[in-house]
A.B. asks: 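Structure incoming, see below.
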Amino acid sequence: MNSQVRTRFAPSPTGYLHVGGARTALYAYLFAKKHNGQFLLRIEDTDQKRFVEGAMENLMKSLKWLGINWDEGPDNGGPHGPYIQSQRNDKYTAAVNQLLENGYAYKCFCTQEELDEMRRKQEARHEAPMYNRKCCALTKEEVDAKVAAGMPFVIRQKIPEGMIVIEDLIRGKVRFDSKSIDDQVLVKSDGFPTYHLANVVDDHDMEITHVIRGEEWLPSTPKHIWLYQAFGWTPPQYAHLSLLLNADRSKLSKRQGDVAVEEYIQKGYTQEAIINFIAFLGWHPGKGIEKEIYSMRELIEDFSLDNVHKSGAIFNLEKLDWYNWQWRRRKFLEEVEANPLNRKAILLKECEEYIAPEYKTADKEALLDRALKTVEEKVIQDPKPVNDYIKFYFVAPQFKPDIVYSEKMKVEEATVKQVIPEVIATISELSEEQWTEENIKVALVGIVAKLGLKNGQVFWPVRAILTGEQFSPGVFEVIWALGKRETLSRLTNIHL
RNA sequence: GGCGCCAUCGUCUAAUGGUUAGGACGCUACCCUUUCAAGGUGGAAAUACGGGUUCGAUCCCCGUUGGUGCUACCA
């Protein structure tokens, strides 16, 4: 035994990596790395009914993408393998036999119907639904006879009497009375262990020193401690994390938005932003520190369980958006700084998926160059993905009344009907040699003066029609980049 | 119902016996830019309630209320 810190993330593979799970994994990872320890990944797949094809691979992919890497796990192995519970059944069988021999567990032959009936009666009497220990009273001969007769059974933990106090790293002392704790099923009738048994056996075997897990496990922690005692093992330290919440403060659920990390990946959020965001959902560097942008390296440096919050945090997307653009800008600037001559290539990489292949050919190169030029500043200024800033150059947008007509800018339908023909006429007069941003600006300002309108009443609708976007590069640069022909075509094709 | 956990701006949070209760997101006003965004300077916005302890409670204790988790042969 060594004193090295070892933590683990132990998800059950039911499909995807939940953002709440990602946060739990992150905290366990940060804690281990902060103390130069190890972080392990273990798959808890003892419930055969919930098996989902490919879920484990999916989970590992998301975790890796986030930069949460494990020192030991199903794919890279380690000294305490296998790291998949369904492959460790012999260990659980050996452990539970030891419990049976020493009287810490017993076989239970009660059927589902009997249990249901018992609970119904208990509830009718307003009692806590708990197993009545009927089978605990069976003699060894009775048990052997039932087993010999082929009766199915489960193995239950015999909960001892008395109070138990658990020392939680986040919550302090938490007391439980064993009277309120049920004789937990340890091994199901299909021979597989439940979470409680497998978890304790594995954490001990894998030499886990700190169990960092969700708050939903707090009520069953006494069962786990008693199991350690029954085995004669030293329990690990516990840290129960609060839950992530929906906007209405209920437990974060699929119903009210995206909960899978992969969905955020698909939406274009950066790895750094997601990590930074979930790290701050329930943790803070403390000491009055006001810095909020933290890289993984910095998080490891400053992480401490002492500064983890007890209350649940709402998963607030607006802040994620802000983190995302902070990180996008930071990464873009770093990349450009490292390689200033390659600015165009970096932009191109950012825009790649929105640029149709035909624009990468020589004859379209000019438009692409101009488009990239107008978009350049935006990349480091705006929270939106750069894609949204460039795709309109290559696909003519729909006319969007919601955007074109703006109360704030004092742009109404009548304004647009008045302005657009003027713009078409004026732009048409500009020759090839006159096609500069400056001249376009002069032309539009001329229209403002001529019609006696405010700048925004002319600039806003033109830009909105040309781009179809609420936010975009400036109207002069857009017209310039699009070119005379495309500009006129877009302005002419709208039907007011 | 029983048991457990939690409680500072709308949200994420800082401060902890003595502060004009601080920051960030969002919202908002103005400035900048002859448009939007971005940027700059301001603004509105919180200690759930009731009792204690104390010279003094956001902070410590008790209760109430509210929220939430568990109460499976799920994890």
Side-chain angles (χ1 to χ4, degrees), chain A residues 10-12 14 44-47 49-50 108 110 112 115 119 122-123 125-130 152-156 168 170-171 174-177 179-182 184-190 192-196 198-199 214-222 240 242-243 245 247-251 277 280-293 309-323 325 329 377-378 380-384 389 403 406 408-409 411 441 444-445 448 454-464 467 469-476:
Chain A
S12 74
T14 53
E44 310 224 326
D45 60 344
T46 55
D47 187 6
K49 292 191 290 294
R50 300 218 301 188
C108 171
C110 293
Q112 197 58 56
L115 294 174
R119 289 195 184 108
Q122 285 168 331
E123 277 183 46
R125 289 192 300 254
H126 295 289
E127 291 173 5
M130 299 221 311
F153 63 89
V154 299
I155 298 173
R156 286 182 184 272
D168 189 272
I170 294 172
R171 283 151 216 286
V174 183
R175 289 176 183 74
F176 293 91
D177 188 339
K179 284 207 286 288
S180 65
I181 298 171
D182 207 358
Q184 181 65 49
V185 170
L186 260 17
V187 177
K188 296 174 270 188
S189 54
D190 64 3
F192 278 93
T194 57
Y195 171 90
H196 308 280
N199 192 265
E215 192 184 22
E216 68 270 27
W217 294 111
L218 190 53
S220 46
T221 305
H240 288 94
S242 60
L243 270 8
L245 274 24
D248 65 2
R249 303 212 82 91
S250 57
K251 187 174 173 179
F277 174 61
F280 272 72
L281 244 29
W283 173 82
H284 186 278
K287 294 175 296 220
I289 293 171
E290 287 179 352
K291 174 180 169 181
E292 294 202 66
I293 302 299
H309 253 238
K310 295 187 186 106
S311 54
I314 290 175
F315 194 73
N316 176 296
L317 277 340
E318 280 168 345
K319 192 115 186 194
L320 209 208
D321 285 338
W322 178 78
Y323 273 117
W325 102 258
R329 180 171 69 168
E377 280 305 305
K378 295 294 165 190
I380 56 174
Q381 280 185 3
D382 205 274
K384 290 172 67 174
Y389 268 113
I403 293 177
S406 160
K408 190 179 167 194
M409 301 305 298
V411 175
K441 179 166 145 189
L444 292 191
V445 171
V448 170
K454 296 173 82 173
N455 292 325
Q457 289 177 295
V458 173
F459 302 165
W460 178 273
V462 173
R463 195 177 56 74
T467 66
E469 297 287 337
Q470 193 174 1
F471 313 128
S472 76
V475 65
F476 316 126

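Chain naming here is simple, since letters A, B, ... match the order of the sequence lines and numbering starts at 1 in each.
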A.B. asks: So which nucleotide from B:U11, B:A14, B:C73 ends up closest to the side chain of A:Lys49?
C.D. replies: B:C73
A.B. asks: In the strands shown, is B:G2 matched to any nucleotide by a Watson-Crick or G-U wobble pair with both distances under 3.5 Å, and which?
C.D. replies: B:C70
A.B. asks: Output the single nucleotide from B:C74, B:A72, B:C12 whose closest atom is nearest the side chain of A:Arg119.
C.D. replies: B:A72
A.B. asks: Provide the distance between the two P atoms, one in B:G4 and one in B:A44, to the nearest whole Å.
C.D. replies: 43 Å
A.B. asks: Which value, in whole Å, describes the distance between the C1' atoms of nucleotides B:U64 and B:U71?
C.D. replies: 25 Å
A.B. asks: Is A:His240 close to A:Pro219 at the side-chain level, that is, under 4.5 Å between some pair of heavy atoms?
C.D. replies: no
A.B. asks: Report yes if at least one side-chain N or O of A:Trp322 is closer than 4.0 Å to OP1 or OP2 of B:C25; otherwise report no.
C.D. replies: yes
A.B. asks: Which listed nucleotide (B:C5, B:C12, B:A7) is nearest to the side chain of A:Ser311?
C.D. replies: B:A7
A.B. asks: So which nucleotide from B:A38, B:A75, B:C73 ends up closest to the side chain of A:Leu115?
C.D. replies: B:C73
A.B. asks: Tell me whether the OP1 or OP2 atom of B:C74 has a side-chain N or O from A:Lys188 closer than 4.0 Å.
C.D. replies: yes
A.B. asks: What's A:Val185 touching, base or sugar-phosphate or nothing? Going by heavy atoms closer than 4.0 Å.
C.D. replies: sugar-phosphate
A.B. asks: For B:A46, give the paired nucleotide (Watson-Crick: N1-N3 plus N6-O4 or O6-N4; G-U: N1-O2 and O6-N3; both under 3.5 Å), or none.
C.D. replies: none
A.B. asks: Using the C1' atom as the point on both nucleotides, what is the distance between B:U35 and B:U41, in whole Å?
C.D. replies: 22 Å
A.B. asks: For B:C9, which nucleotide in any strand shown is its Watson-Crick or wobble partner with both distances under 3.5 Å?
C.D. replies: none
A.B. asks: Partner of B:A57 by Watson-Crick or G-U wobble geometry, both contacts under 3.5 Å, or none?
C.D. replies: none
A.B. asks: With a non-hydrogen cut-off below 4.0 angstrom, is A:Thr46 in contact with a base, only sugar-phosphate, or nothing?
C.D. replies: sugar-phosphate
A.B. asks: Within the structure shown, what part of the strands sits under 4.0 Å from A:Leu243 by heavy-atom distance: base, sugar-phosphate, or nothing?
C.D. replies: sugar-phosphate
A.B. asks: Is there a Watson-Crick or G-U wobble partner for B:U34 with both distances under 3.5 Å, and which nucleotide is it?
C.D. replies: none
A.B. asks: Please determine, for the side chain of A:Thr194, which listed nucleotide (B:U13, B:G23, B:C74) has the closest atom?
C.D. replies: B:C74
A.B. asks: Within the 4.0 Å heavy-atom criterion, would you say A:Asp47 contacts the bases, only the backbone, or no part of the nucleic acid?
C.D. replies: sugar-phosphate
A.B. asks: Just wondering, do A:Thr221 and A:Phe176 contact through their side chains at under 4.5 Å, heavy atoms?
C.D. replies: no
A.B. asks: Would you mind classifying the nucleic acid contact of A:Phe176 as base, sugar-phosphate or nothing, using non-hydrogen atoms under 4.0 angstrom?
C.D. replies: sugar-phosphate
A.B. asks: What's the CZ-C1' distance between A:Phe459 and B:C36, to the nearest Å?
C.D. replies: 12 Å
A.B. asks: In whole angstrom, give the distance that lies between atom CD1 of A:Ile314 and atom P of B:U68.
C.D. replies: 11 Å
A.B. asks: Could you check how far CD of A:Glu216 sits from C1' of B:G69, rounded to whole Å?
C.D. replies: 8 Å
A.B. asks: Would you indicate whether A:Lys287, at its atom NZ, is surrounded by more than 12 heavy atoms from other residues, nucleotides or ligands within a distance under 6.0 Å?
C.D. replies: no
A.B. asks: Need one value for A:Val174: base, sugar-phosphate or nothing, where a base atom within 4.0 Å counts as base even if backbone is also close, heavy atoms only.
C.D. replies: sugar-phosphate
A.B. asks: Is there side-chain contact between A:His196 and A:Trp217, with at least one heavy-atom pair below 4.5 Å?
C.D. replies: yes
A.B. asks: Contact class for A:Arg463 (heavy atom, under 4.0 Å): base, sugar-phosphate, or nothing?
C.D. replies: base
A.B. asks: Expressed in whole Å, how much space separates the C1' atoms belonging to B:A45 and B:A24?
C.D. replies: 14 Å
A.B. asks: Just to confirm, is there a sub-4.0 Å distance from OP1 or OP2 of B:U11 to any side-chain nitrogen or oxygen of A:Arg249?
C.D. replies: yes
A.B. asks: Just to be sure I understand the rule, does A:Ser189 reach a base, reach only the sugar-phosphate, or reach nothing, if contact means heavy atoms closer than 4.0 Å?
C.D. replies: base
A.B. asks: Would you classify A:Arg125 as touching base, sugar-phosphate or nothing, given that sugar-phosphate means primed atoms plus P, OP1 and OP2, and contacts are heavy atoms under 4.0 Å?
C.D. replies: nothing
A.B. asks: Quantified in whole Å, what is the P atom distance between nucleotide B:A15 and nucleotide B:C9?
C.D. replies: 16 Å
A.B. asks: Could you tell me how far B:U58 sits from B:G50 if I compare only their P atoms? Round to whole Å.
C.D. replies: 11 Å
A.B. asks: Give one of base, sugar-phosphate or nothing for A:Lys454, where a contact means two heavy atoms less than 4.0 Å apart.
C.D. replies: nothing
A.B. asks: Over all strands shown, is A:Gly282 touching base, sugar-phosphate only, or nothing at heavy-atom distances under 4.0 angstrom?
C.D. replies: sugar-phosphate
A.B. asks: Out of B:A75, B:G1, B:C25, which nucleotide sits closest to the side chain of A:Pro129?
C.D. replies: B:G1
A.B. asks: Provide the closest heavy-atom pair for A:Pro473 versus A:Arg463 in the form atom of the first, atom of the second, distance.
C.D. replies: O-CD, 3.5 Å
A.B. asks: How close or far is atom C1' of B:A72 from atom CZ of A:Arg50, stated in whole angstroms?
C.D. replies: 11 Å
A.B. asks: Using whole Å, what does the distance between atom P of nucleotide B:U33 and atom NZ of A:Lys441 come to?
C.D. replies: 11 Å
A.B. asks: Quick one: A:Phe280 CZ to B:A24 P, roughly how many Å, whole number?
C.D. replies: 13 Å
A.B. asks: Taking B:C32 as the reference, what is the distance to B:C27 when you measure between their P atoms (whole Å, please)?
C.D. replies: 22 Å
A.B. asks: Would you indicate which nucleotide in B:C3, B:C25, B:C70 comes nearest to any side-chain atom of A:Ser180?
C.D. replies: B:C3
A.B. asks: By nearest atom, which of the nucleotides B:C12, B:C73, B:A75 is closest to the A:Lys319 side chain?
C.D. replies: B:C12
A.B. asks: Kindly point out which of B:U35, B:C6, B:C5 is positioned nearest to the side chain of A:Lys310?
C.D. replies: B:C6
A.B. asks: Between A:His240 and B:C6, is there a contact of a side-chain N or O with OP1 or OP2 at under 4.0 Å?
C.D. replies: no
A.B. asks: Taking any strand in view, what nucleotide pairs with B:A14 in a Watson-Crick or G-U wobble way, both distances under 3.5 Å?
C.D. replies: none
A.B. asks: Counting only side-chain nitrogens and oxygens, does A:Lys287 get under 4.0 Å of the OP1 or OP2 atom of B:A15?
C.D. replies: no
A.B. asks: A:Met130 has an atom CE; how far is it from atom P of B:G1, in whole Å?
C.D. replies: 19 Å
A.B. asks: Pick the closest RNA chain B nucleotide for A:Leu320 and for A:Val187 by heavy atoms, then say which residue is nearer the 5' end.
C.D. replies: A:Leu320
A.B. asks: For A:Cys108 and A:Arg156, which heavy atoms make the closest approach, and how far apart are they?
C.D. replies: SG-NE, 3.4 Å
A.B. asks: Output yes when a side-chain donor or acceptor of A:Gln122 lies under 3.5 Å from a complementary backbone atom of A:Met130, and no otherwise.
C.D. replies: yes
A.B. asks: Are there over 12 heavy-atom neighbours, none belonging to A:Lys188, within less than 6.0 Å of that residue's NZ?
C.D. replies: yes
A.B. asks: Indicate yes or no: at least one non-hydrogen side-chain atom of A:Phe277 is less than 4.5 angstrom from one of A:Phe315.
C.D. replies: yes
A.B. asks: For A:Gln112 and B:C74, give me the distance from atom CD to atom P, rounded to whole Å.
C.D. replies: 9 Å
A.B. asks: Considering every strand shown, what is the Watson-Crick or G-U wobble mate of B:A21 when both distances are under 3.5 Å?
C.D. replies: none
A.B. asks: In whole angstrom, give me the gap between the C1' atoms of B:G26 and B:C5.
C.D. replies: 29 Å
A.B. asks: Closest to the A:His309 side chain: B:C70, B:C5, B:A14?
C.D. replies: B:A14
A.B. asks: Over 60° means perpendicular and under 30° means parallel, so classify the ring planes of A:Tyr323 and A:Phe280, tilted if in between.
C.D. replies: tilted
